[in-house]
Amino acid sequence: MQSNTQVHNICAPGYLAVYSSYMQSYTYVIIGGGIAGTTAAETIRKTDKEGRIAIVSDEPHPLYSRVLLSKPAWVLGEQPFDNVWLKKEAWYQEQAIHLFRGLSATALNPDSKQVTLSDGDVLEYKKLLLATGAHARKWPVKGAEKDGVMYLRTVDDAKRIGTVAQGAPKHVVMIGSSCVSFEIIEVLHSRGFTVTEVMREKHFFEPSLSGEEASIIERVLDEKGVEVIRETEVAEVLGNGAVEGIRLASGREIPCDYILAFIGVDLPVGWIQSAGIATHRGIYANDYLETNVPNIWTAGDTTECWDRALGETVIMGNWMSARLQGEIAGKNMAGERVPFEQVSFHSSHGFGNTIGWTGDVRPLPDRTIIHYPTPEPNTYCRIILWNGRVIGGTTVNRPDLMGVMTNLIKSRKDVSGFMSELMRGSVELKELATK
Amino acid sequence: MANTVEYTRTAPGSTISKIVVDRDLCIAAVSCMAVAMDTYELDAENKIVVKDANSIDDATLIASAESCPTKAILLYGTDGSLVFPK
């Protein structure tokens with residue numbers, strides 16, 4: 001068991017006294033202990049058995065599954081809590097990877113190749129990976145600091161929500177219409193909670209699902225007694241110290257015991273920008289995940305990298321992409337030169353419904369969006385085209401089409417000659433890639 | 001007892017002889033399908049099933065198991081030892 005306490009060996013190689021701080025030298029320094037950073041470290045170690053590797057994590061835990069944090073069986077304690085851990089404590093020692101826990105990077109000097117940590121210590125690197133991940137966006141509403149306003153990003157957040165969900169049924173107001181919101185609504189409903197969903201958007205998952213697709217989900221929520229309040233802002237959280245309710249911009253007041261504010265993520269890149277690393281919505285990278293500064297790579301949710309297929313930079317922001325980016329960055333840091341290419345996809349599940357997003361599903365003005373008819377009730381499929389090629393797709397209750405869509409996207413086939421067949425559903429997607 | 005399904009792998013030259021899917025752990029995150037599209041598919045209960053245990057090489061198969069965010073895929077070697085997760 002490692003502790004948070006750092007033991008500084010002033011006789012160790014690389015030690016230099018810098019006033020009250022300490023410097024330690026590593027071959028590879030990885031900022032971020034999530035799936036991207038840890039996969040990078042693991043990948044590097046497969047090639048470089050000798051290099052000194054450090055991971056800096058702002059959480060006190062080894063790698064865990066962020067995907068599991070909103071899944072009913074785990075949140076409700078029907079599965080062992082320990083299922084969440086993806087790396088054991090011993091793994092870091094076996095791999096000779098030093099995990100700095102509960103510390104964040106606060107400054108970067110690319111000239112001297114040094115990263116300053118939140119405790120004042122300095123890490124010197126030969127190669128650096130920025131895999132800082134995203135943070136839960138704080139809800140900027142009057143009274144949001146009251147007890148009972150909860151977020152979900154870390155395992156500790158999830159533990160708090162699990163404790164509430166496993167307790168006596170209460171009234172919860174859910175803010176935001178993301179995958180996590182949808183999944184936690186099911187968790188709470190299954191325990192007899194009253195849930196009120198408040199969103200800015202016109203419908204669930206806007207803009208990544210159409211209104212028609214979302215209506216399948218929202219019909220189920222309606223049947224379950226979940227009130228969905230759309231296109232609405234919250235004016236204030238009510239209560240003295242603890243949450244007692246909310247007041248909407250319309251003036252309507254809704255009493256509640258808890259508020260779950262799942263309103264997206266912020267990318268903590270201020271200290272990275274200050275170091276001269278080019279950023280836009282995320283940290284800019286080419287398709288080799290290299291930033292604009294030599295010997296510095298990026299991977300995971302904060303990465304905005306060049307997409308060869310689309311000819312633009314994109315942020316992926318999902319587990320699968322973060323893992324693969326970590327692997328690719330790790331390979332490249334260890335001396336290979338491998339591009340990151342992926343048809344990304346992710347899914348969300350609730351009340352027996354499965355929603356899937358494959359590839360690039362942003363409804364941008366230059367996209368053509370086709371409804372591909374599916375015969376089964378409560379199913380939907382949209383195909384998103386750009387320059388005649390399929391670049392993305394969404395599915396409701398047709399997860400089997402996600403794999404088919406992936407192959408179609410990978411094929412880069414010009415399908416503009418099949419538009420009417422696609423709209424009628426008279427051509428099998430499976431066959432289209434080979435036509 | 002875990003709700004697991006075993007699939008025998010007979011790919012020539014492979015050191016992996018068995019793929020086990022723990023259906024209780026599977027949450028249909030479908031990351032394994034992203035790595036090995038020809039190996040896995042989702043069934044009617046939204047759980048991963050192996051449709052072709054021999055469709056990919058060992059390295060890709062291990063990568064597909066490693067990609068699972070719940071460690072629902074277990075791989076066993078031809079000598080019966082657990083190859084993944086370790």
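Nothing here was measured: the structure is a model prediction, and the numbers come from that model. Proteins come first, then strands; the chains are lettered A, B, ... in the order of their sequence lines, and each starts at number 1.
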Subject >> Between B/D43, B/V30, B/L42, the one whose heavy-atom pairs under 4.5 Å with chain A are most numerous >> reply: B/V30
Original post:
Can you tell me if A/S347 uses its side chain to pair, donor with acceptor, with the backbone of B/A28 under 3.5 Å?
Top reply: yes
Subject >> Option that, when pairs with chain A are counted at under 4.5 Å, heavy atom only, ranks first among B/S67, B/A63, B/P85 >> reply: B/S67
Original post:
Shortest non-hydrogen contact from B/M37 to A/G403?
Top reply: SD-CA, 3.3 Å
Original post:
Does any heavy atom of chain B fall under 4.5 Å from the side chain of A/N318, the backbone, both, or neither of them?
Top reply: neither
Original post:
Between CD of B/E66 and OG1 of A/T43, what distance do you get to the nearest 0.5 Å?
Top reply: 8.0 Å
Original post:
Distance-only, no hydrogens or angles: does the A/K71 side chain make a donor-acceptor pair with backbone N or O of B/I27 under 3.5 Å?
Top reply: no
Subject >> Nearest non-hydrogen partners of A/Q79 and B/D24, listed with the distance >> reply: NE2-O, 3.4 Å
Subject >> Residues B/L25, A/N83; criterion side-chain contact (heavy atoms from CB on, under 4.5 Å); working and verdict >> reply: CA-CA 9 Å; B/L25 292 179; A/N83 279 2; 3.2 Å; yes
Original post:
Where on A/W85 is there a heavy atom nearer than 4.5 Å to chain B: the side chain, the backbone, both, or neither?
Top reply: backbone
**OP:** Determine the minimum heavy-atom distance between B/P69 and A/L86, stating which atoms define it.
**Re:** O-CD2, 3.7 Å
Subject >> Atom pair OG1 (A/T354) and CG (B/N46), whose distance is rounded to the nearest 0.5 Å >> reply: 3.0 Å
Subject >> Step-by-step side-chain contact (heavy atoms from CB on, under 4.5 Å) determination, A/Q342 to B/V35 >> reply: CA-CA 10 Å; A/Q342 184 184 39; B/V35 178; over 6 Å; no
**OP:** Of all the heavy-atom pairs spanning B/S31 and A/M320, show the shortest one and how long it is.
**Re:** CA-SD, 3.7 Å
Subject >> Part of residues 48-62 of chain B lying next to chain A, heavy-atom separation under 4.5 Å >> reply: none
